A.B. asks: 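Here it is: the structure, laid out below.
Just so you know, ligand 1 is whichever comes first in the structure, and atom 1 is the first atom listed for that ligand. In this text, all values refer to a predicted model and were calculated from it rather than measured experimentally. Numbers for residues simply follow the sequence, beginning at 1.
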Amino acid sequence: MSITPSLSRRLDGLQSSAIRDLLKLTERPEVIGLAGGLPDEQLMPRDRIALAAEAALADRSRLQYTQSAGWGPLREVLATRESVRLRRAVPIEEVFVTHGSQQALSLLGEVLLDPGALVVVEDPAYVGALQVFRAAGARIVAVPLDAEGMRTDALSELLERGERPAVVHTVSNFHNPRGVTMSPGRRRELAYLADRYGFWVIEDDPYGELWFDNPSPEPVAIYSPNVIRLSSASKILAPSLRAGWMVAPNAVCRGVELLKQGADLCGSALTQQITAELLADTDWLGAHVDKIRRIYGERAGALVGAIRERFGDRVVSSEAGGGMFVWAEFADGTDTAELLPRAVDHGVAYVPGSAFAVSTDYRTAMRLCFTTSEAPVLREAVDRLACAIDA
Ligand SMILES: Cc1ncc(COP(=O)(O)O)c(C=O)c1O
């Protein structure tokens, strides 16, 4: 008889993302999928990536291991870009390349948090961040979001009550899943609180460049040295490059470096050179990102328009000024988790709000992703949703 060895206690209470499990059920060709959070692969610059890959492969050293902090020329390109965004000269030591921004979150979870440390997240929350903070054994407290992003007044109350977070996580632009962007006033307030009480802010910003009409406000990181800024090439180029980056004080970058050595030694020099070439080609990149903005903007407008036309006051939806998601809440108490199987039978899938819930249940809310369907398909999806509700 063999005795089965046990798994670590860190796994207790961790669950697979409800969204990932749900996506498996909705991957039927007849179902219009508004559940996934994927960028449109038709808009990913395959031919440009192929050219850059060929150029990269001309140098055999691109097949070699590279530095843990990232391939030097990519860090330089990123330092230049982030210097513009942050309105200061960002030194290369403060730029760290990760395997997507998700790895930055995961490594930061280890660098910044001791078990039991308090982490403040937004409610509803980005599920990938919740997974990281739970795995780190953090105590998680949520503050709500409204149309202006994180309710910094609620955070302030929490701090006045004596709570002392180690980290506050925010998706400052075009929130996943809530769709909102933090106002400039709230950004300043959050930075002020971070300085006053001495906590880290993780400003998780993969969507900031995907604005439709008005550019995103200046990053929270402009206002305080306690803000660690994460961004990514996933939504503007392609997720398979797995190129994310962090701008953080040197001590944080060195901590992340030690852990990254243990996690995967280094990222891929090959995809990092491709990413560097595309990001450095600013004329091409500008036109490419403009095209994504225009197409996603049309799709977002079609989806929000159809929801308002079909449901009127029954549904309150976010404005969709950028990013990839619309958050819609039924004012009439419709339970979106209960509705989902019927919606899938009628050929449309979404993610129920409860999948992102921390303290509030968001039973009547849903996240809809507009990136991978064209406008007529999105209108059809809303019709199918209405039929499912009436059925
Ligand atoms: C808020 C947020 N942060 C981070 C990520 C991770 O993106 P990546 O690891 O591809 O850069 C995502 C992906 O959807 C996201 O929505």
Side-chain angles (χ1 to χ4, degrees), residues 17-20 22-23 33-41 44 70 74 78 81-82 95-109 119 121-133 135 142 145 149-150 167-182 201-211 216 219-221 227-248 256 260 263-264 267-268 271-272 274-275 278-279 292 296 318 320 322-327 351 355-356 358 367-372:
S17 148
I19 306 174
R20 212 152 295 146
L22 186 104
L23 283 175
L34 308 186
L38 306 182
D40 188 347
E41 57 202 40
M44 293 176 199
L74 174 58
L78 293 171
R81 280 170 64 86
E82 293 295 331
V95 177
F96 196 100
V97 181
T98 50
H99 195 80
S101 48
Q102 186 64 33
Q103 189 187 40
L105 277 173
S106 161
L107 297 175
L108 285 171
V119 174
V121 298
E122 294 162 320
D123 200 8
Y126 168 51
V127 176
L130 284 181
Q131 283 178 311
V132 162
F133 299 138
L145 289 157
M150 178 188 281
V167 166
V168 174
H169 175 260
T170 179
V171 181
S172 49
N173 294 312
F174 314 119
H175 192 272
N176 175 11
R178 183 64 181 76
V180 291
T181 290
M182 196 190 295
V201 173
I202 300 180
E203 182 177 27
D204 186 359
D205 183 24
Y207 303 108
E209 297 216 34
L210 296 182
W211 48 266
S216 314
V220 183
V227 181
I228 297 167
R229 193 178 130 70
L230 311 187
S231 194
S232 168
S234 292
K235 309 300 192 295
I236 54 170
L237 297 176
S240 66
L241 296 169
R242 299 316 292 136
W245 56 89
M246 175 176 91
V247 179
V256 169
K260 186 161 162 89
D264 62 5
S268 155
T271 67
Q272 290 187 16
I274 296 169
T275 307
L278 270 58
L279 292 181
I292 303 178
Y296 283 1
S318 60
M324 305 197 341
F325 306 107
V326 165
W327 179 258
V351 185
F356 311 98
V358 187
R367 188 192 76 176
L368 304 165
C369 176
F370 50 74
T371 52
T372 49

A.B. asks: Enumerate the protein residues lying less than 4.0 Å from ligand 1, judged by heavy-atom distances, in chain and residue-number order.
C.D. replies: Gly100, Ser101, Gln102, Tyr126, Val171, Asn176, Asp204, Pro206, Tyr207, Ser232, Ser234, Lys235, Arg242
A.B. asks: Applying side chain to side chain donor-acceptor pair (under 3.5 Å), can you list everything that pairs with Glu82, at least two apart in sequence or on another chain?
C.D. replies: Arg229, Trp245
A.B. asks: Which residues satisfy the ring pair (Phe, Tyr, Trp, His ring centres under 6.0 Å) test with Tyr126, sequence neighbours excluded?
C.D. replies: none
A.B. asks: Going by side chain to side chain contact (heavy atoms under 4.5 Å, CB included), name the residues that satisfy it together with Val180, two or more places apart in sequence or in a different chain.
C.D. replies: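 Side chain to side chain contact (heavy atoms under 4.5 Å, CB included) check on Val180 returns Leu145, His175, Arg178.
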A.B. asks: Do you know which of Phe174, Tyr207, Tyr296 makes side chain to side chain contact (heavy atoms under 4.5 Å, CB included) with Lys235?
C.D. replies: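 Answer after filtering Phe174, Tyr207, Tyr296: Tyr207.
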A.B. asks: Any side-chain heavy atom of Thr371 sitting closer than 4.5 Å to one from Leu38?
C.D. replies: no
A.B. asks: Tell me, do Thr275 and Val97 make a side-chain contact under 4.5 Å, heavy atoms counted?
C.D. replies: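 In short, these two side chains do not touch, never coming nearer than 4.5 Å.
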